[in-house]
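Each remark here refers to the structure printed beneath this line.
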Amino acid sequence: MRTHLCGVLRAGDAGTTVRLCGWVGRRREHGEHLAFVDLRDHSGIIQCVIDNSVDVRSEWVIAVTGTVRPRPDGTVNPGLDTGEIEIGDCTVEVLNEAEPPPFPVDDRTDADEPVRLRYRYVDLRRPRMQRNLRLRARVNAAIRAAMDRQGFCEVETPLLWAPTPEGSREFSVPARLHHGSFYALPQSPQLAKQLLMVGGVDRYYQIARCLRDEDLRADRQFEFTQLDMEASFATQDDVMGFVTEAVLNAAEAATGERPPDIARMTWADALDRYGTDKPDLRFAMELVDLTAAFADTGVKAFAAPVVKAIGVPGGASFTRSRLDQLTEQAKRAGASGLAWFRVTAGPALEGPLDRFLSESERGRVLEKTGAGEGDLILAVADVYRTACTVLGMLRNALGSPPVGQGPHRYVWVTDFPMFDGVDASGNPQAAHHPFTMPYAEDLPLLDSDPAAVRSQAYDLVLNGWELGSGSVRIHRSDIQSKVFATLGITDADAEARFGFLLGAFRYGAPPHAGFAFGIDRLAAILAGEENIREVIAYPKTQSGADPLTGAPSPLPAATLAELGIRVVVPPGP
RNA sequence: GGACCUGUGGUGCAGCUCGGAGUGCACGCCGCCCUGUCAAGGCGGAGGUCGCGGGUUCAAAUCCCGUCAGGUCCGCCA
């Protein structure tokens, strides 16, 4: 039907007779003897010159037959990849007429998202969306190539699976053949892939769809895609190496440039310096410790176990109301208060608490934060964890560029605590999941000091977004029982919840470790987007609706009956 | 469950504080003119439940209350 794509023709093709197919972009008509039609397909746009009148409209689908020729002197368009040439002596065949599009099919303006999603098939024609879809396809291909090269075997796992009562809320699917029973759509192939290790697959990977019925965000959809992988007889370092290769290969395929090797940082270090377990390394503003500076202070506000601070470049110009807002934010995040000092000429400090500071305290605040004239110093005095996380939140709020902008800064965060917080019964909660292997040297602490146990769990972070996480898994039942006991899970509980996994582990489970990272997030950042919806063909809105299809929608009574489902409609107002 | 922002011809905006006739800008659409444009240009025209409901008022896009939708965030996401 066509001989070439629109966007690939160049000056070297001059003289070639071509037949092109695509959509009508802009038209520039000069009466009945001359018209220019921009013809667009996924590869780009080329100008067709019509020497008579032609009736084509915006977004009509046409085929153009003509000859590639250089443009006359002075009419070259440097803004177009095909701008040195045009198609002359055109005959136009209308393949399909079209209504005027609901919004312009170009990248200069963005229609509102509901309109874009309702007419997604039009939105996808825009160069931006074509670029994003194709970038994502290259990312997928590069990941597959890297995993294949490293000896991994692609295996598909079920979407209809057993409910697993740990972790995030799952979507349920009624079983037609077993009324009253349900499948769950898997939040991840976690248990399936561990069973593959018992099954001797050795190195498994899958570009897997995961489903979680949790509230949506800019970086979260109900359904998302992960590179899911697991390897037998592999250490933490082995897995991090496999994943690094896949991610860097994907980044190179997307951007044309291979990033340097990925830095590492312990969880404790990330919390101490950045106040978060997903540090954004694109900017500095690191947390500094002022506890020693205020060890003997007379200032009540600083009489706390820990005093930490950040310097905000240029922040001295913040208005009082802005500072009040930041204080509010800090309090909502759990701090008892927020101390601020503008750095003025001298340098000197200016702020409500300044007059209570001793000269040496002033000096050490300036020295430790490295702040200079025009900067702002924000300090939180609290218990260690709160001081860190509140300042980490403020650091991101004040310093972090949009996630898709600037350099791509990957970092491995390692040595997570095994347990984080307590559940309603006062038992420690698993920070990663209950099959995560503690460091061998920390095993004795399971009894004495569970909070101090470090696990062999690791996250991959890019520009402050968590790309994914993984761990070395427990393959020995004695350690697993010990961890379950610490979590307050009895043997009977464990058997009921994960019996099929524990059963499998009694038949020769190899030591294994794995990882999973979000391809939507990686593709979005590599595409320079701040929202994963921009790299998903048919995303849902924040309330989980699809404006294109109208989903979710009620089911016909007959369908419900077949499934054995009776709908309880909540009482109206 | 909560906080904040947004909703005005097909699209993107302004108008809202300080109430006075659906007022304005750009694009698109329809018609006519135009032989080198490229966000073509010129002339003319059509197109509106100011998200929805209620209230205040002589009078509401504008003020108040409620509600719906969309977005960002908190909670949630082992």
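So you know, we letter chains A, B, ... as the sequences are listed, proteins then strands, and number each from 1.
- The aromatic rings of Y121(A) and Y119(A) stand perpendicular to each other, their planes meeting at an angle above 60°, with 30° marking the opposite boundary.
- The separation between F171(A) atom CZ and C77(B) atom P is 15 Å, rounded to whole Å.
- Nucleotides U35(B) and A46(B) have their P atoms positioned 28 Å apart, rounded to a whole Å.
- Searching all strands for a Watson-Crick or G-U wobble partner of G7(B) with both distances below 3.5 Å returns C68(B).
- A salt bridge links R533(A) to E113(A): at least one charged side-chain nitrogen sits closer than 4.0 Å to a carboxylate oxygen.
- Only the C1' atoms considered, C29(B) is 8 Å distant from G10(B), to the nearest whole Å.
- The nearest whole Å value for the distance from the CD atom in Q542(A) to the P atom in C77(B) is 17 Å.
- Residues H475(A) and Q194(A) are not in side-chain contact: their nearest non-hydrogen atoms beyond the backbone lie 4.5 Å or more apart.
- Among C77(B), C76(B), G70(B), the nucleotide with an atom closest to any side-chain atom of R217(A) is C76(B).
- Salt-bridge formation is not detected for the pair D13(A)/R10(A): no Lys NZ or Arg NE/NH1/NH2 atom is positioned less than 4.0 Å from an Asp or Glu carboxylate oxygen.
- In this structure, the CG atom of D215(A) is 13 Å from the P atom of G70(B), given to the nearest Å.
- For the pair S543(A) and G70(B), the criterion of a side-chain N or O lying under 4.0 Å from OP1 or OP2 is met.
- Using modelled atom types, one side-chain atom of R395(A) and one backbone atom of D280(A) make a donor-acceptor pair closer than 3.5 Å.
- Side-chain atoms of R220(A) come within donor-acceptor range of the base of C76(B), with a qualifying N/O pair under 3.5 Å.
- Both D219(A) and K278(A) sit near RNA chain B, but only D219(A) has its closest nucleotide nearer the 5' end.
- G24(B): Watson-Crick or G-U partner is C13(B), with both key distances under 3.5 Å.
- On the C1' atoms, C73(B) is 14 Å away from C77(B), given to the nearest whole Å.
- Looking at E59(A) and R40(A), a side-chain N of the basic residue comes within less than 4.0 Å of a carboxylate O on the acidic one, giving a salt bridge.
- When the P atom of U11(B) is taken as reference, atom CD of E113(A) falls 15 Å away, rounded to whole Å.
- Under the Watson-Crick or G-U wobble criterion, with both distances below 3.5 Å, G48(B) is left unpaired in every strand shown.
- Nucleotides A14(B) and U8(B), compared at atom P, are 11 Å apart to the nearest Å.
- U11(B) sits 31 Å from C18(B) when the P atoms are compared, rounded to a whole Å.
- Electrostatic pairing of E223(A) and R209(A) counts as a salt bridge here, judged by a charged N lying under 4.0 Å from a carboxylate O.
- In this entry the distance linking CZ of R118(A) with C1' of G10(B) reads 11 Å, nearest Å.
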- Message: I need a per-nucleotide contact map over nucleotides 34-48 of chain B, read 5' to 3'. Cutoff is protein heavy atoms under 4.0 Å; write B for the base, S for backbone only, - otherwise.
- Response: BBBBBBB--------
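- A donor N or O paired with an acceptor N or O is not found under 3.5 Å between the base of G71(B) and the side-chain atoms of D112(A).
- Rounded to an integer number of Å, the gap from CD of Q329(A) to P of C4(B) is 14 Å.
- Atom CG in D420(A) sits roughly 11 Å away from atom P in C76(B) (whole-Å rounding).
- For the pair D110(A) and G167(A), both in contact range of RNA chain B, the more 5′-proximal nearest nucleotide belongs to D110(A).
- Comparing G70(B) with C32(B), their C1' atoms sit 41 Å apart, to the nearest whole Å.
- Of the nucleotides present, G55(B) is the one that pairs with C63(B) by Watson-Crick or G-U wobble criteria, both distances under 3.5 Å.
- Taking 4.0 angstrom as the limit, R57(A) places a side-chain polar atom (N or O) nearer than this to OP1 or OP2 of C30(B).
- Residue contacts shown for N531(A) are limited to sugar-phosphate atoms, with no base heavy atom under 4.0 Å away.
- In this structure, I532(A) places its CD1 atom 12 Å from C1' of C77(B), rounding to the nearest Å.
- Within 4.0 Å (heavy atoms only), A431(A) reaches sugar-phosphate atoms of the nucleic acid but no base atom.
- G24(B) and A59(B) have their P atoms separated by 25 Å, with the value rounded to a whole Å.
- Considering only side-chain atoms of F103(A), the nucleotide from C73(B), U11(B), G71(B) that sits closest is U11(B).
- The pair R454(A)-D442(A) meets the salt-bridge criterion, since a charged nitrogen lies less than 4.0 angstrom from a carboxylate oxygen.
- Across the P atoms, U72(B) and U56(B) are found 38 Å apart, a figure rounded to whole Å.
- Ion pairing between a basic and an acidic side chain is recognised when a charged N comes within 4.0 Å of a carboxylate O; R71(A) and E84(A) show no such pairing.
- For R533(A) against G71(B), a side-chain-to-base donor-acceptor contact under 3.5 Å is absent.
- Using a distance-only test at 3.5 Å, with no hydrogens or angles considered, no donor-acceptor pair links the side chain of R282(A) to the main chain of S400(A).
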